[in-house]
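To find a chain, count down the sequence lines: A is the first, B the second, and so on, and within it residues start at 1. Values reported hereafter were calculated over all heavy atoms of this structure, with side chains retained and with hydrogens, waters and symmetry mates removed.
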2 protein chains.
Amino acid sequence: MQDQRSRKKTRITSLDIAHRAGVSQATVSRVLAGSPLVNAETRRRVEQAVRELNYKVDRHASSLRTQRAGTLALLLFEDPTQDDSHINPFFLSMLGSITRACARHGHDLLVSFQQLSDDWHADYEDSMKADGLILLGYGDYLAYESKLARLVEQGTHFVRWGQVEQGQPGISIGCDNLAGGALAGRHLVERGRRRVAFLGDASSRFPEFFARYQGCDAALREAGLAMLPELQVDADSTEQAGVDAANALLARGLPFDAVFAASDLIAIGAMHALKQAGLRIPEDVAVVGFDGTSMACYANPPLTTVVQDTSKAGELLVQTLLQLVREQPAQSVMLQPVLEVRASSGG
Amino acid sequence: MQDQRSRKKTRITSLDIAHRAGVSQATVSRVLAGSPLVNAETRRRVEQAVRELNYKVDRHASSLRTQRAGTLALLLFEDPTQDDSHINPFFLSMLGSITRACARHGHDLLVSFQQLSDDWHADYEDSMKADGLILLGYGDYLAYESKLARLVEQGTHFVRWGQVEQGQPGISIGCDNLAGGALAGRHLVERGRRRVAFLGDASSRFPEFFARYQGCDAALREAGLAMLPELQVDADSTEQAGVDAANALLARGLPFDAVFAASDLIAIGAMHALKQAGLRIPEDVAVVGFDGTSMACYANPPLTTVVQDTSKAGELLVQTLLQLVREQPAQSVMLQPVLEVRASSGG
DNA sequence: CTGAAAGCGCTTACAG
DNA sequence: CTGAAAGCGCTTACAG
């Protein structure tokens with residue numbers, strides 16, 4: 001009666017349950033799979049035995065038989081940063097929401113950090129570890145794209161988080177970065193800013209950042225202004241890169257009254273450097289970030305930022321991937337960001 | 001020859017490799033398991049076939065046979081915070097290092113967010129999804145402890161991150177919080193501070209925070225001072241809790257010249273509130289945090305903090321858990337923290 | 001509604 | 001050093 005207390009020497013199998021409930025092992029399996037073809041009373045007996053012996057279906061046996069893993073894999077790409085303490089908080093927030101979305105959909109989540117250069121391809125799906133892949137992370141898109149094409153060719157189920165564009169291999173879920181950039185640009189124009197610097201790569205290698213830049217430019221043009229190439233400085237998404245980019249911008253000696261940073265991390269690093277240089281935020285320079293990470297709220301001054309809804313994004317990524325796994329039609333989607341105005345741009 | 005290009009209609013099995021290499025399926029398995037009992041030439045032929053067909057061992061079949069999953073599970077506990085964007089950056093940094101440590105040891109990592117109240121227990125190991133569990137997160141330790149005891153009773157393999165103390169159920173890896181608190185206390189004393197407030201729970205329900213408090217107190221006593229209970233305010237590890245705790249402290253109207261926060265998040269929130277109240281940091285109040293998250297460095301002013309080495313912690317957690325899984329002896333370990341001095345305490 | 005049986009793709013004694 | 005065979009614990013047609 002208390003045998004579940006024995007220090008798991010012998011695994012409890014569906015056969016044990018079958019004996020205890022006085023049915024066949026097949027019936028036990030049916031009950032646990034929720035088959036409707038089981039008598040209510042039989043079901044009750046089996047469920048009781050399952051509870052009493054604390055039985056859990058063996059995932060490997062089940063997966064081997066059904067050829068489905070019930071697991072998704074999240075591959076997080078990071079470029080150079082090997083330092084654990086500097087993982088991009090935006091991606092970590094995504095990780096949280098993806099984890100929860102997986103749980104809601106009854107799937108487990110394998111998490112793995114990858115170098116973009118690695119030879120990962122469809123390893124997870126090939127070895128049946130996961131039914132599909134979620135790809136997340138920045139990195140040179142040009143290098144990335146050929147890998148995506150390869151995944152498509154192999155028939156791997158995957159969804160990518162990133163800039164959504166025509167003709168991309170596979171399916172992408174992403175923020176409408178063009179709209180997000182426009183939100184930032186329009187806001188700065190309204191606040192009377194005319195010379196907006198952009199900190200972040202603005203090339204097709206980094207399509208998300210590029211779209212933010214272009215969106216901001218479009219908004220300025222509506223007002224008869226424009227982004228100035230001489231006020232753009234490359235930066236990847238780290239605080240240190242933000243510091244460096246702001247310093248490089250200052251070194252150029254050109255006037256500017258606003259900074260639109262491609263990410264919150266860049267913005268926070270930039271604010272640090274700008275204040276160091278004796279500039280007042282927002283009086284001398286208005287600063288707007290992107291992502292809506294929690295640190296924006298506690299930055300000094302609190303950072304105006306374009307917020308991406310990571311909860312919705314995670315749910316959509318998982319949902320879309322599961323559609324692909326089930327061979328159902330699915331499509332790329334862009335999520336609309338929202339501007340959160342705080343003191344860094346004049347409140 | 002190019003059949004690997006076919007959109008994975010039929011799975012490639014070890015039998016396919018066997019045919020192609022002209023050996024038995026058992027030999028293929030031996031080669032892939034790295035068995036030394038294989039002729040070099042035979043091994044070469046098999047490896048070539050594996051490469052040509054891009055074969056990957058089916059993890060479920062393998063695990064079913066060996067009764068080992070090759071996977072560890074990370075259970076992250078969060079208390080109230082359901083909001084993805086507010087996941088504790090310290091734990092996320094740990095997640096990064098654990099992921100990497102798993103990869104180094106050839107294991108996959110399942111990640112799951114749990115409520116402390118949930119009925120998780122040994123579910124992962126019972127269903128063979130994981131060989132062992134890593135438990136990470138804050139929460140009321142008293143509620144936690146009985147669950148740990150239950151895991152031990154069930155013979156589940158697990159390692160917990162947290163305060164290391166005598167007589168705890170199972171094995172724990174943690175920071176030497178007492179030493180960390182002493183580092184902070186000694187530093188503040190050296191800077192001439194006499195009335196140190198503590199923001200964070202300081203009870204046996206939160207043993208990590210409590211040990212930090214006690215360590216700081218011990219350091220003050222070495223200098224003929226002491227922590228004052230009236231300068232302690234409860235707070236869990238969020239920025240908002242830091243804001244609230246600092247405001248509560250200010251409302252008491254008692255003098256204090258330093259704040260030791262139980263975590264960086266609390267410290268950053270507290271600095272926010274203190275500045276709001278017109279206090280200068282560090283002139284009026286020195287602030288020291290705990291964790292060594294990357295945001296400490298870019299806080300305003302940059303935050304002095306007790307740094308925990310998350311890389312080492314992740315490696316040790318994984319290593320220790322794998323020892324348990326292999327039924328090898330293992331023991332609890334405390335890691336020594338390091339003080340990183342920045343401007344918030346006078347530089 | 002239920003049971004007997006096949007088989008998912010491996011690993012590993014066992015025999016040679 | 002290699003092969004034939006058993007069996008890990010399920011799920012699911014098939015037959016009743």
Visitor: Go through the steps to decide whether B:Glu41 and B:Arg44 satisfy the test salt bridge (Lys or Arg N to Asp or Glu O under 4.0 Å), and finish with yes or no.
Guide: CA-CA 5 Å; B:Glu41 166 58 15; B:Arg44 207 198 48 70; 3.3 Å; yes

Visitor: For B:Leu37 and C:dA13, what is the distance between atoms CG and C1' respectively, to the nearest whole Å?
Guide: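 Checked: the CG to C1' distance equals 12 Å.
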
Visitor: Across the strands shown, which category fits A:Thr42 at heavy-atom distances under 4.0 angstrom: base, sugar-phosphate, nothing?
Guide: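 It contacts sugar-phosphate atoms only.
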
Visitor: What pairs meet the ring pair (Phe, Tyr, Trp, His ring centres under 6.0 Å) rule with one or both residues in residues 35-55 of chain B, with sequence neighbours excluded?
Guide: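 The answer is none; no pair qualifies.
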
Visitor: Does A:Gln331, at its CD atom, have more than 12 non-hydrogen atoms belonging to other residues, nucleotides or ligands within less than 6.0 Å?
Guide: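 Counting neighbours around CD of A:Gln331, 12 or fewer heavy atoms of other residues, nucleotides or ligands fall under 6.0 Å, so no.
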
Visitor: With a 4.5 Å cut-off on side-chain heavy atoms, are A:Val111 and B:Leu110 touching?
Guide: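 No; the side chains remain at least 4.5 Å from each other.
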
Visitor: Between B:Arg44 (CZ) and D:dC1 (C1'), how many Å, whole number?
Guide: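 After rounding, the reported distance stands at 17 Å.
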
Visitor: For the residue pair A:Tyr144 and A:Phe77, is the inter-centroid distance of their aromatic rings smaller than 6.0 Å?
Guide: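 Between A:Tyr144 and A:Phe77, the centre distance is under 6.0 Å.
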
Visitor: Looking at A:Arg104, I'd like to know if its CZ atom is crowded, meaning that more than 12 non-hydrogen atoms belonging to other residues, nucleotides or ligands lie closer than 6.0 Å.
Guide: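 Atom CZ in A:Arg104 is crowded, with more than 12 foreign heavy atoms closer than 6.0 Å.
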
Visitor: Are any non-hydrogen side-chain atoms of A:Leu72 and A:Leu133 less than 4.5 angstrom apart?
Guide: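 Of all side-chain heavy-atom pairs linking A:Leu133 with A:Leu72, none is under 4.5 Å.
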
Visitor: Please report the C-alpha distance between A:Thr71 and A:Arg59 in whole Å, then the side-chain angles of each, then the deciding distance to 0.1 Å, and finally whether the side-chain hydrogen bond (donor to acceptor under 3.5 Å, both in side chains) criterion is met.
Guide: CA-CA 10 Å; A:Thr71 300; A:Arg59 272 293 276 282; 3.2 Å; yes

Visitor: Output the pairing pattern of DNA chain D as a dot-bracket string, 5' first, Watson-Crick or G-U wobble with both distances under 3.5 Å, | for cross-strand pairs, [ ] for crossing pairs.
Guide: |||.||||||||.|||

Visitor: In whole angstroms, how far is the P atom of D:dT11 from the CG atom of A:Leu32?
Guide: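 Value for this atom pair: 7 Å.
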
Visitor: Across nucleotides 3-10 of chain C, 5' to 3', mark each nucleotide with B, S or - according to how protein heavy atoms within less than 4.0 Å reach it.
Guide: BB-BBBBB

